[in-house]
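Below you'll find the structure, written out as structure tokens, and then a few comments.
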Amino acid sequence: MTTDDGAGDDAYWRRPDPDVLGGGPDGSGGAGPVGYSGPPVGAPPPPGWRPPVVVNPAPPGTLPPQDLAALDSEERNARTVTYGVGMIAAAVMIILTCLLCSRLVF
């Protein structure tokens, strides 16, 4: 990166020369170190600075009852489908492995 004055990359980040007024890349410098005076003093907020509550939320509703027997049945069906898909995938993998090995041997 080159600045407008044609200086290289590091010139922008160098400290300004304290002996020269305007020695920094932005025209500042030479003023000497300035002490930190701390954060600005702020006034405390007025007593009623929080917004008023306009609407109270409705109480939570009740959930419908769960049919545990139906849930168990659905979980059993899902497990059967998962095992079936897994067995089919395993069979395909075994067949492909046997085909690959037979091509390498013969």
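It should be emphasised that the depicted structure is a prediction, and the values quoted were computed from it without experimental measurement.
Atoms OG1 and CZ, from T82 and R79 in turn, are 9.5 Å apart once rounded to the nearest 0.5 Å. Summarising the geometry, atom CD belonging to E75 is positioned 10.0 Å from atom CG belonging to L68; distances are rounded to the nearest 0.5 Å.
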Listing, residues 95-106 side-chain donor-acceptor contacts under 3.5 Å, not counting sequence neighbours, or none:
unit_1, atom_1, unit_2, atom_2, d
T97, OG1, M93, O, 2.7
S102, OG, C98, O, 3.2
S102, OG, L99, O, 2.8

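With side-chain heavy atoms closer than 4.5 Å counting as contact, directly or through intermediates, I94 stands alone and belongs to no larger hydrophobic cluster. Here V41 sits alone; no ILVMFWY side chain lies under 4.5 Å from its own, so it joins no hydrophobic cluster.
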